[in-house]
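Structure first, commentary second.
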2 protein chains.
Amino acid sequence: MAVTQKVDMDGKPRVVIMNVAMHLFGKQGFNGTSMRDIANAVGLLPGSLYAHIESKEALLLEMVTDGIGRFLAAVEPHVACSVSPLDRLRQMIIAHVEVVADNPERSQVVFHQWRFLSPEHLPEAIERRRRYETCFVEVIEEGVKAGLIKSDLNHRIAVLSLLGAMNWTPEWFSPDGRLGAAQVGDLMADTLLGGILS
Amino acid sequence: MAVTQKVDMDGKPRVVIMNVAMHLFGKQGFNGTSMRDIANAVGLLPGSLYAHIESKEALLLEMVTDGIGRFLAAVEPHVACSVSPLDRLRQMIIAHVEVVADNPERSQVVFHQWRFLSPEHLPEAIERRRRYETCFVEVIEEGVKAGLIKSDLNHRIAVLSLLGAMNWTPEWFSPDGRLGAAQVGDLMADTLLGGILS
DNA sequence: CGCGGTAACAAACATTTGTTTATTAGCAAG
DNA sequence: CTTGCTAATAAACAAATGTTTGTTACCGCG
């Protein structure tokens, strides 16, 4: 017997494990997910995972690093774009929602589980998150200088509100909902940018 | 010897334990916090906690239940208030931020750790969260009917953006920052409500 | 066939987990 | 002082944790 279920072992095993772990980390959290949970979901015994990965934290590290990377890759190109700051912001919001929509669970990990990285890897994750937020700060400040955005409200609060709304999207966005990512992003931009116009 | 350190046992022990646990759950998460962590921080041995509490989950349950209760108590009175829907929304946002400011760590537990309630207590927590969100939906819809709020943008997205921005506040709000809770709430209202005006 | 290497297995490892037990100190009231 | 109660301690519990070990099945290549 020994059925050797290669259940969904179509791709490279490491990728399969990463995807399964991403799903579980996103849903149950890093500390709420055991290696046995992962092994179980992937159709392996716990020890067998270590033929493909180095440690539990290595999984988290790759998820977070690569995850933030996707947001940066999607948003940063718009920062120095040649269109108006407001249009840039709108495009950045849409890009952000599209990354969330591509995999809401990964986004949950990126936004909530980075805390559980070891002290060794934590600082870099924090730094990259800060770099992401800076993208939005820069464009907003440029909009203020161009006279397109009110300067009488605290920019910091505006940015934090904007980012808060965006970072919360993985909590409710459903890839099989009626609205697609780009439409959701566009509507969010309507809501979020309307209040900062001058 | 047996120093019997009553470190900060000024109040009723159960309250002290709750506060310490709240701090730890908020910072490290429910699953990232052990009973030994709590005992350690409170100046007791692990087993001694059980003279005052029933279980680890009982701590979480009380935190979440009581926590949502504070948000409801602060916001619900404004829902059926007699002023304009927009002013109501503004007051609700301010009230929300004030509850967050009162104890950001508790808010983190309310917004992120409720998932780890046992299946027995989970449904009620979800229901109360839903009830909270409904407050905002109602007032916005009333604003639309009154012609004060644009009806051409998807209300659902507007509400989710609003709530997302608000639920994210415990992530960055500092009680000893330059701006007080009411001022932050007011500025957030400027940002978030500006975009939905008709 | 036989050989070699990859990746699975079964089993155990040392810790850590939440919680319980039996015992002892502290202290107010009789 | 003694009695009784509260709340602490020390120690242990079973279960779960991340990870390592030795061994066995598989599979392409000679």
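Computation of the quantities below employed the complete heavy-atom set of this structure, encompassing side-chain atoms and omitting hydrogens, waters and symmetry-equivalent molecules. Computed from a predicted structure; not experimentally measured. So you know, we letter chains A, B, ... as the sequences are listed, proteins then strands, and number each from 1.
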Cation-pi between B:K56 and B:F116: NZ/CZ under 6.0 Å from ring centre and within 45° of the ring axis? no
Between [N] ([atom2]) and [X] ([atom1]): distance, integer Å:
X	N	atom1	atom2	result
A:M35	C:dT17	CE	C1'	18 Å
B:L45	D:dT9	CG	P	4 Å
B:R36	C:dG18	CZ	C1'	7 Å
A:L44	D:dT19	CG	P	16 Å
B:I38	C:dT17	CD1	C1'	12 Å
B:H52	D:dT6	NE2	C1'	9 Å
A:E57	D:dT17	CD	P	18 Å
B:L24	C:dG18	CG	P	12 Å

What's the spacing between B:L61 CG and B:W114 CH2 if we round to 0.5 Å? 14.0 Å
Let me know, please, whether A:S48 or B:G47 comes out on the 5' side of the other along DNA chain D by nearest nucleotide.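 Nearest nucleotide further toward 5': that of B:G47.
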B:L49, B:V20: one ILVMFWY side-chain cluster at the under-4.5 Å cut-off?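 Same hydrophobic cluster.
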Toward the 5' end of DNA chain C, which comes first, A:L49 or B:S34, by nearest nucleotide?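 The residue whose closest nucleotide sits nearer the 5' end is A:L49.
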Between B:R70 (side chain only) and B:V99 (backbone N and O only), is there a donor and an acceptor less than 3.5 Å apart? no
Closest listed nucleotide, where the reference is the side chain of B:Y50 and the choices are C:dT19, D:dT19, D:dT9: C:dT19
